[in-house]
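Residue numbers start from 1 in every chain, and the chains themselves are labelled A, B, ... in the order their sequence lines are given, proteins ahead of strands. Only a predicted model underlies this, so the values are computations on that prediction, with no experimental measurement involved.
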Amino acid sequence: MSINGKAYIVGAFEHPTRKAEDKSIPQLHAECARGALEDAGLTFDDIDGYFCAGDAPGLGPLSMADYMGLRKLRHFDSTECGGSAPIVHVGHAAEAIAMGKCDIALVTLSGRPRTLAMPRTMPNSIHCPDIPFEGPYGAVTAPVYGLVATRHMHEFGTTREQMAWVKVAASHHAQHNPFAMLPKVVTVEDVLNSPPVASPLNRLDCCVISDGGGAVIVTKPEIARSLKRPKVKILGAAESPKLQNGGDVDITHTGARWSGPRAFAEAKVTQKDIKYVSIYDSFTITVIVTLEDLGFCEKGQGGKFVADGNLISGVGKLPFNTDGGGLCNNHPASRGGMTKIIEAVRQLRGEAHPAVQVKNCDIALAHGTGGFIATRTGGATLIMERE
Amino acid sequence: MTTAERKLAAPEVTVETKPYWDAATEGKLLVKKCNDCGKSHHYPRAACPFCYSLKTEWQTASGKGTVYSFSVLHGAPVPYALAYVTLAEGPTMMTNIVDCDFKALKVGTPVKVVFKPTVDGPALPMFTPA
Ligand SMILES: [Zn+2]
């Protein structure tokens with residue numbers, strides 16, 4: 001059994017807002033759904049599968065399905081693994097479609113971390129077994145990623161300059177995105193001279209905090225062929241947790257180490273076939289570790305790999321996050337997975353900004369690392385092909 | 001500024017973890033050791049997460065370890081060093097490095113346990129350069 005060729009992404013929409021003072025979170029989810037449906041040439045009444053994660057208010061998918069009026073649902077899934085959840089959801093939607101459990105699946109993500117106070121605790125943190133051993137120590141997002149950067153520098157000699165190149169590449173792309181929160185091109189020196197946040201990470205090593213969201217529509221081949229938009233075929237998808245292992249800790253790997261090879265095997269392609277990657281860039285170090293784990297370079301060589309503009313479209317060997325990514329464009333709901341899928345779809349459709357469009361972009365990969373990289377993350381890899 | 005000025009939140013104590021927190025308040029660091037596979041783990045569970053054995057028992061740790069990694073949160077009201085410390089007994093635990101110059105911290109720095117009070121809760125095991 002495989003999902004290769006069994007499902008297509010036919011609609012994708014990134015909400016233009018980055019600051020949504022005048023919208024509720026449910027409204028953002030619905031506006032994203034509407035945008036993706038309009039993109040696909042479908043309507044709310046066509047949806048029979050719905051996927052959302054913890055950013056959707058309410059009990060699993062129920063409140064949002066009720067709010068939007070999704071009366072024909074026969075399949076739903078609210079797998080919660082932070083920012084990688086939408087990538088997991090597209091994989092699960094493809095599985096459900098391949099099994100005939102639904103025909104037209106909607107995936108939404110939205111949130112307002114910029115204009116509403118950030119929650120101080122994770123959802124479901126009460127009675128969570130690990131929180132008492134981490135929360136009181138101040139294990140909030142930035143230093144948890146800082147731990148990985150410190151260790152990666154220690155084990156492999158990765159430098160802060162190399163990490164900064166990830167941000168530099170993202171900023172080169174963001175300058176062409178009229179919606180990007182940070183459209184200004186920055187230099188390695190700018191990153192190194194930005195204020196320290198959680199050592200060794202500075203402010204420009206961290207992604208933006210933005211309101212907004214996105215949605216995608218996944219459907220079966222017969223329906224995809226009946227629609228007018230360019231077809232993006234799902235070749236392979238896989239997910240993997242990365243755990244703390246009872247204190248047998250190794251924080252320079254992510255779930256991509258396991259989800260990557262499984263997704264490549266299902267897609268029947270190799271790293272050499274990938275023309276464009278969307279990599280969840282919560283922090284610059286996240287991209288370095290993820291690219292290593294996905295096999296684009298050897299473990300420990302990620303710093304060298306991303307340096308000198310190697311991730312810049314038209315300049316380097318592996319163009320990434322051509323929308324500017326979470327580092328410069330958008331990080332709605334503090335979850336980067338959805339925007340990663342959307343920019344990969346733009347690239348495969350040939351609809352990225354002309355200045356960053358990858359030539360002959362026929363196969364692309366999107367990867368999300370959700371949760372907290374030094375403790376527990378959910379990794380998800382998705383490989384897609386233009387048909 | 002010293003870490004003593006940081007207000008530390010109390011951890012949620014459960015029936016499963018009460019011995020750990022009681023010991024911490026008395027100035028002792030416990031780890032759970034498995035009598036089947038011989039490995040120690042952290043955070044403590046009733047069953048061994050390595051071999052699933054129920055034959056786990058509390059073991060008093062030496063309190064000695066080395067810094068596995070660290071990150072100083074400069075933006076906090078009182079900056080602090082989040083860290084993973086690898087204990088002499090094997091497990092690596094999340095903690096804070098305290099009462100030292102953060103600029104001198106390095107991966108591999110030998111450290112020893114100290115205990116810091118929380119607001120209305122048990123003490124938290126933390127570490128300081130040995
Ligand atoms: Zn055991």
Asker: Using heavy-atom distances under 4.5 Å, tell me whether A76(B) contacts chain A through its side chain, its backbone, both, or neither.
Answerer: neither

Asker: Hey, what donor-acceptor pairs show up under 3.5 Å between chain B and chain A?
Answerer:
unit_1, atom_1, unit_2, atom_2, d
R6(B), NH2, Y137(A), O, 3.4
E12(B), OE1, H127(A), N, 3.0
E12(B), OE2, H127(A), ND1, 2.6
H42(B), N, G246(A), O, 3.0
H42(B), O, G247(A), N, 3.1
Y68(B), O, R151(A), NH1, 2.9
Y68(B), OH, I251(A), N, 3.1
S69(B), OG, L147(A), O, 2.5
S69(B), OG, R151(A), N, 3.4
F70(B), O, T150(A), OG1, 2.7
S71(B), OG, S199(A), O, 2.6
V72(B), N, S199(A), OG, 2.8
V72(B), O, S199(A), N, 3.0
H74(B), N, V197(A), O, 2.9
Y80(B), OH, G138(A), O, 2.6
Y84(B), OH, Q244(A), NE2, 2.8
Y84(B), OH, A374(A), O, 2.6
T92(B), N, G247(A), O, 2.8
N96(B), ND2, Y137(A), O, 3.0
P125(B), O, Y137(A), OH, 2.6

Asker: I'd like to check P136(A) versus L124(B) (side-chain heavy atoms, cut-off strictly below 4.5 Å). Are they in contact?
Answerer: yes

Asker: Answer with side chain, backbone, both or neither: which region of P91(B) has an atom nearer than 4.5 Å to a non-hydrogen atom of chain A?
Answerer: both

Asker: Tell me, out of L87(B), V72(B), V31(B), L73(B), who's got the most heavy-atom pairs with chain A below 4.5 Å.
Answerer: V72(B)

Asker: Look at P129(A), A139(A), P200(A), A149(A) and state which one has the largest set of heavy-atom pairs under 4.5 Å with chain B.
Answerer: P129(A)

Asker: G246(A) and F50(B): which non-hydrogen atoms are nearest, and at how many Å?
Answerer: O-CZ, 3.8 Å

Asker: Measuring heavy-atom distances to chain B, does I251(A) have an atom under 4.5 Å in its side chain, in its backbone, in both, or in neither?
Answerer: both

Asker: I want to check something: taking the side chain as every heavy atom from C-beta on, are L147(A) and M94(B) in contact at a cut-off of under 4.5 Å?
Answerer: yes

Asker: Looking at G75(B), P125(B), A81(B), A9(B), which one has more heavy-atom pairs under 4.5 Å with chain A than the rest?
Answerer: P125(B)

